[in-house]
2 protein chains.
Amino acid sequence: MLNQPTPLDRVFHALGDPTRREMVDRLSHGPATVKQLAEPYAMSLPAVLQHLKVLEASGLVTSEKVGRVRTCRIDHKTLDHAGDWIARRQASWERRLDKLGEYLAATADEQNEEQ
Amino acid sequence: MLNQPTPLDRVFHALGDPTRREMVDRLSHGPATVKQLAEPYAMSLPAVLQHLKVLEASGLVTSEKVGRVRTCRIDHKTLDHAGDWIARRQASWERRLDKLGEYLAATADEQNEEQ
DNA sequence: TCTATAGTTAAGTAAATGCTTAACCAACCG
DNA sequence: CGGTTGGTTAAGCATTTACTTAACTATAGA
């Protein structure tokens, strides 16, 4: 991978890790501080911070620091982009099934006519 | 990551690579042989095969070999799982916004009563 | 002011990723 | 049979990932 990753690369890659998916899950219920996000995990704080950095780089999460606490929140738009990509492939797949169905129906008709 | 990846880990990880997403895209329009899948890319056949292996391990793609050609197709159910996961987080996010809205409305009412 | 809290930076490491080339097999085809 | 086509395996390599520990900064509160 010489070329740099696209936004969608970053989003799916970010979601490919269970810890990061759990963080997104947690944040989908409301904002949380770094401390709160880290609390469920056995791993070190710097490790959590690195996951957070990946999530922020992907656009899935935003954060702002007030005083000494950083509060993180989901950016739903980015999650939507990922959902849209999947929905579009599902759509092409279904269009294909429709066409296949039409074809099979047409073939059946022809066979009926032949009989 | 000492523990082995979950199915969802594998799916999102598989979708995190642009080449693999393009392959899923291609396959969403209909089945293709390994040769056909490899054709758009500058990379070697073994590299394509490795991407294919990742896609198969994730469950996004299935394949069967007839004679000497292997034909690959999407398994839509796996794509659905990924879409469902995203949809569920979007749902919690929206529920949260609803509750926030109710709270704000209630607060506004209280303030009206106080006045 | 002293100290605990919340977060950050840097550097190092083991394992996983995404490729490569070389060698190989098995099926179809003239 | 012998060559071409389609796919596969193995080995190697540079890069990225997911952590770690140690050291550090800045804010909040007693």
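This structure is a prediction, so every number in the text was calculated from the model and none was measured. So you know, we letter chains A, B, ... as the sequences are listed, proteins then strands, and number each from 1. All values below come from the heavy atoms of this structure, side chains included, with hydrogens, waters and symmetry mates left out.
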Rounded to the nearest angstrom, tell me the gap between atom [atom1] in [X] and atom [atom2] in [N].
| X | N | atom1 | atom2 | value |
| --- | --- | --- | --- | --- |
| B:His13 | C:dA16 | NE2 | C1' | 8 Å |
| A:Met43 | D:dT20 | CE | C1' | 12 Å |
| A:Glu39 | C:dG7 | CD | C1' | 17 Å |
| B:Glu64 | D:dG7 | CD | P | 13 Å |
| A:Leu49 | D:dT20 | CG | P | 13 Å |
| B:Tyr41 | C:dT20 | OH | P | 13 Å |
| A:Asp9 | C:dG18 | CG | P | 11 Å |
| A:Leu45 | C:dA10 | CG | C1' | 16 Å |

Out of [options], which has the shortest distance to the side chain of [X]?
| X | options | value |
| --- | --- | --- |
| A:Gln50 | C:dT20, C:dT8, D:dC19 | D:dC19 |
| A:Val34 | C:dG7, D:dT20, C:dC19 | C:dG7 |
| A:Val69 | D:dG6, D:dT8, C:dA6 | C:dA6 |

DNA chain D contacts among residues 51-60 of chain B, heavy-atom distance under 4.0 Å: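 None - not one residue of the stretch has a heavy atom sitting under 4.0 Å from the strand.
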
Charged tip of B:Arg89 within 45° of B:Trp93 ring normal and under 6.0 Å: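 Output no; distance or angle outside limits.
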
Do you know the tightest heavy-atom contact between [X] and [Y]?
| X | Y | value |
| --- | --- | --- |
| A:Gly59 | A:Thr78 | O-OG1, 2.7 Å |
| B:Val24 | A:Trp85 | CG1-CH2, 3.9 Å |
| B:Arg10 | B:Pro5 | NH2-O, 3.2 Å |
| B:Leu37 | B:Ala32 | CG-CB, 4.1 Å |

At what distance, to the nearest 0.5 angstrom, does [atom1] of [X] lie from [atom2] of [Y]?
| X | Y | atom1 | atom2 | result |
| --- | --- | --- | --- | --- |
| B:Asp17 | B:Met23 | CG | CE | 8.5 Å |
| B:Thr33 | B:Lys65 | OG1 | NZ | 12.0 Å |
| B:Arg20 | B:Lys53 | CZ | NZ | 12.5 Å |

Nucleic acid footprint by protein, nucleotides 22-30 of chain D - heavy-atom cut-off 4.0 Å, B for base, S for sugar-phosphate alone: B----BS--

Candidate pair B:Arg21 and A:Asp9, rule salt bridge (Lys or Arg N to Asp or Glu O under 4.0 Å), full reasoning: CA-CA 9 Å; B:Arg21 267 203 322 285; A:Asp9 290 344; 2.7 Å; yes

